[in-house]
Amino acid sequence: MLIPKRMQLPQILIYSILLIVLAHGNDITTEPGHLKPFGEGRPSHPVKQIDYFPTAKEFFENYVQASKPVIMKGVAKMSPAFDKWTDDYFLAQDEPSGNTVSVETRKKESRQQRMDSMSFKDFVKIYNNTEHYMVDAVPKFLRQDVMIPCPLQCEQLVYGEFVDNVMWYSSGGTKSVVHTDSVENINCLYRGEKTLIFVDPEKYGDKVDLDRVEGSYSSMDVDSVDYTKFPGMAEVEFYHVDIAAGDCLYIPYHWIHQVRSYGSNLAVNIWWKHHLSQDLDFNSCTDPCEPGMTLKEADFKGFGDLTADPEEIREHLKKLLGNTGETDITRLTQNLLGPEMKSVIEENEELSEDLDDIFSLLDANKDAIVTKAELDSATKEVLLDIGHIFQAIEEDLEKIYGDGDENYDEDEERDDDHDDDDKDEHDEL
């Protein structure tokens, strides 16, 4: 069917909804889960639970390489942080002068929200009475309290291949966007409870529209999923995960997930490179586990280091191709930096040239289309060149924006606040 050329925007919207209705044979808005929170209304499956830390070999072979999440019940209680980390303990610590942490200002995640920076102790003093939510690396003066999860106690990982760690700290009620991570992840909960909703990307990745491809997340409202905007959600099956203080959870690379927290909440996760999981030398791993091996010993490379790994670059570019498995320069640019960057790209010659260079390196047959086959056949040298261009783009953006709150859209923040006033919020999580 062809849409008439002169059809106006409201007509196009109505026409699109009618096509969706016809495709499903009924009114999609009557399907279970429409306008309900993400994860509700569709079939749900449990995630495997074990009550111990597996060895590195068992963990990587049975879960990481198989891309299967697993809940490890009670294992975080081995870490000194489980008993030590109270607010009073934090306030009694000797925080170095000038130490700051990055703090989100809204518990319902918006990638456009304003971020605050303050001392760790100042955050601890205010978080119970505000929307503030710490999302930053564990302060160095606290890292000796966090035991490295037993399956990750491998020299290859600890001394050079961890990507980052994050301390997720709030009074509860946080709600993440629906997203994926470009790294492997173990998340250990020291306080409160969390619910995670998973979608297996191999089975339903094409049904969950991660429309903000540049950030690998979806713009859908996690409190009210609209099937007219995201029709694929009417076909998805979920995995529900509930974890309590003391539990650790493995979140596989690229698994689609959304996270909610309940009660005073404190967790720490460790990210590591996906591709290293295929080549890990288990002889470098401790067995039995060493409770005294903590984050203080670990070396974190940071996400910038991923631009020096050809296979990580290849995987990132694959996501930018979208569900069709191919892209032109316009869509590649939009998926890489976001549609709102169009005018910025047009006004900055260096940035535009960098993006053209990426496309040119990938478009092997010069037909103005980059395909999955071309990406699969790209050499490591080509991918490393693209990694260098990624770094140049970061530098371009820093020149354009400086160190200000460039991601904070004040008008969008006001609109979001207005929208939130129009609907009942869930009880504090």
Looking only at atom types and distance, does a side-chain atom of Glu184 sit under 3.5 Å from a main-chain N or O of Tyr253, one as donor and one as acceptor?
-> yes
Name the orientation class of the two ring planes belonging to Tyr190 and Phe82 (parallel below 30°, tilted from 30 to 60°, perpendicular beyond 60°).
-> tilted
Which class fits the ring pair Phe123 and Tyr127: parallel under 30°, tilted 30 to 60°, perpendicular over 60°?
-> parallel
Atom pair NZ/CD1 of Lys296 and Ile148 - distance to nearest 0.5 Å | 13.0 Å
Using the benzene-type ring in the case of Trp, are the ring centres of Phe120 and Phe90 under 6.0 Å apart?
-> yes
Do Glu58 and Tyr52 meet the criterion of a side-chain donor-acceptor pair at a distance under 3.5 Å?
-> yes
Tyr133 meets the ring pair (Phe, Tyr, Trp, His ring centres under 6.0 Å) criterion, sequence neighbours left out, with none
Check whether any side-chain heavy atom of Pro46 sits under 4.5 Å from a side-chain heavy atom of Tyr239, and report yes or no.
-> no
Salt bridge or not for Lys372 and Glu374, using N-O below 4.0 Å?
-> no
NZ of Lys273 to CD of Glu161: how many Å apart, nearest 0.5 Å?
-> 4.5 Å
Determine whether the side chains of Glu237 and His45 contain a donor N or O and an acceptor N or O closer than 3.5 Å.
-> yes
Measure centre to centre between the rings of Phe238 and Phe38, then say whether the value is under 6.0 Å.
-> yes
What pair of heavy atoms forms the shortest contact from Glu290 to Met147, and how long is it?
-> O-CG, 4.2 Å
Please assess Phe300 against Phe162 for the test ring-ring contact (aromatic ring centres under 6.0 Å, His included), listing each intermediate value before the final yes or no.
-> CA-CA 5 Å; Phe300 293 93; Phe162 283 154; 5.6 Å; yes
Is there side-chain contact between His274 and Val163, with at least one heavy-atom pair below 4.5 Å?
-> no
Is it the case that Asp181 and His254 place a side-chain donor and acceptor less than 3.5 Å from each other?
-> no
Flag, side chain of Ser119 to backbone of Thr100, donor-acceptor distance under 3.5 Å = no
Residue Lys121 excluded, over 12 heavy atoms near NZ under 6.0 Å | yes
Taking only residues two or more places apart in sequence or in another chain, which ones pass ring pair (Phe, Tyr, Trp, His ring centres under 6.0 Å) with His179?
-> His257
